[in-house]
Each structure stands twice: as C-alpha cells, then as structure tokens.
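This is a predicted model, so every value here is computed, not measured. Because only heavy atoms are used, hydrogens play no part in the values below, and waters and symmetry mates are left out as well, while side chains stay in. Note that the numbering runs from 1 along the sequence shown for the chain.
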Amino acid sequence: GAVLLTRYGLAALAVAGGLGIAAHALIFAAVAPRLSPLWTSAQIAAALDRAKLDPQAGLTPGPVAVVGYAEPSLVFALGTETEIGDVGDAPDAISNGSPAVVEVRYEPAFAAELAADKLKAAPTAVVSGFDYSNSQPVRLTIYRSLSPPPKPGPAAP
C-alpha cells in the first residue's frame, strides 16, 4: 500500500477506499443474511407475529415471558416490558393469556409448573439458533395459553 501511495498518490487511496466499501457491501448483502442462527431474537419476534401472539401489535396481552434465553437484543425485538425470568414466570404469563418462550432445558419444569397451577398451554412455534453470548446453540418453544382468560376483579368504587 505504501508503494502504491508514493507512486500513485491520492488515486491509489481512492481506489483502496472504494474497494473497501464494495467489500463491506458484499459482506452485508451476501453473507450476513445467511447467518440466521445468530439472529435468534429476530426469529422469535417473527414467530410471535406469525402466530398472532405479538403484544406490541395488540394481538395478545403482554408482556412476553422468556425462560432460558437472555439476549439483550430480545428486549429490543419484543419491547421493554419483556419478562426475562425463571421457570416460575412463564406459567404466570400463561395464566394472564400472555405468550411464553421457553428454552428446551426448562420445558420439563415448565410443564410441571403448568400442571401444578392447573393451566394448559400449547406450543405454537419452535425457534432454533445460537446464543452468541454463551456460545451455545438454543432451541426455544413459543407457547400460547389454552386456559380461560382471567376473570376481571371487582370494579373500584
């Protein structure tokens, strides 16, 4: 690069800059979209939307409860009210009619909590991806409530 700069001056610098921009454009256009396992949070948001369970769109009560996956990008994708918690939080969401996202390792405990609370939920989608903050693959199931909606409390005087 130094030889080119001394020999051709600013023209070489302009060509190098143009090639650098073209290389970045190629990477973003061709390579990045193929890395879909890294975009797990976006996949979850899209799956909630397809299942008509997106609280941000007013399709279901919110917030979404998430167990076993805690990427900050998920809060950006699902909204600041997203509840990232433990296995006890997901049945609470189901009892309120909200969706729950449960990582596969927590599904037995989630099923036990549902049974203990006499709640029913059905899986609506499965998202597989890669949790880059933990460097591990993840498999998340999105659940919808099959239990009757909660009865409204007494009206305030």
Side-chain angles (χ1 to χ4, degrees), residues 17 19-157:
L19 289 174
I21 291 170
H24 280 87
L26 179 65
I27 288 170
F28 283 113
V31 177
R34 296 174 197 248
L35 299 175
S36 63
L38 293 178
W39 316 129
T40 307
S41 297
Q43 290 181 59
I44 292 169
L48 283 166
D49 192 48
R50 282 191 306 273
K52 299 192 182 349
L53 292 174
D54 185 1
Q56 291 187 73
L59 301 174
T60 188
V64 177
V66 183
V67 176
Y69 180 74
E71 284 296 324
S73 59
L74 187 63
V75 175
F76 287 107
L78 300 181
T80 57
E81 293 183 12
T82 303
E83 291 180 354
I84 297 176
D86 62 18
V87 77
D89 295 326
D92 290 344
I94 294 295
S95 71
N96 293 326
S98 300
V101 179
V102 182
E103 208 273 332
V104 69
R105 293 173 294 161
Y106 296 91
E107 285 184 354
F110 172 65
E113 290 272 343
L114 285 176
D117 294 343
K118 296 183 172 113
L119 296 170
K120 294 183 181 179
T124 60
V126 175
V127 173
S128 294
F130 189 77
D131 185 348
Y132 49 84
S133 64
N134 293 331
S135 299
Q136 294 183 0
V138 290
R139 184 179 162 110
L140 303 144
T141 305
I142 298 171
Y143 289 92
R144 112 178 17 246
S145 176
L146 296 178
S147 300
K151 294 179 181 175

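- Put simply, the residue from Val67, Val87, Val102 that forms a side chain to side chain contact (heavy atoms under 4.5 Å, CB included) with Glu107 is Val102.
- Judged by distance alone, the side chain of Gln56 and the main-chain N or O of Ala77 form a donor-acceptor pair under 3.5 Å.
- Using modelled atom types, no side-chain atom of Asn96 and backbone atom of Ser98 make a donor-acceptor pair closer than 3.5 Å.
- Put simply, the side chain of Arg50 never gets that close to the backbone of Ala125: no donor and acceptor are under 3.5 Å apart.
- In terms of modelled atom types and a separation under 3.5 Å, the side chain of Ser128 and the main chain of Arg139 share no donor-acceptor contact.
- When all heavy atoms of Asp89 and Gly85 are compared, the closest pair comes out as OD2-CA, 3.1 Å.
- The closest donor-acceptor contact from the side chain of Thr60 to the backbone of Gly97 lies under 3.5 Å.
- Of all non-hydrogen atoms in Val138 and Glu103, the two that sit nearest each other are CA-OE2, 4.0 Å.
- To the nearest 0.5 angstrom, Leu114 atom CG is 8.0 Å from Tyr143 atom OH.
- Taken to the nearest 0.5 Å, the OG1 atom of Thr141 stands 10.5 Å off from the CD1 atom of Ile44.
- The line from CG of Leu78 to CG of Asp54 is 7.0 Å long, rounded to the nearest 0.5 Å.
- Here the CZ atom belonging to Arg144 is positioned 5.5 Å from the OG1 atom belonging to Thr124, to the nearest 0.5 angstrom.
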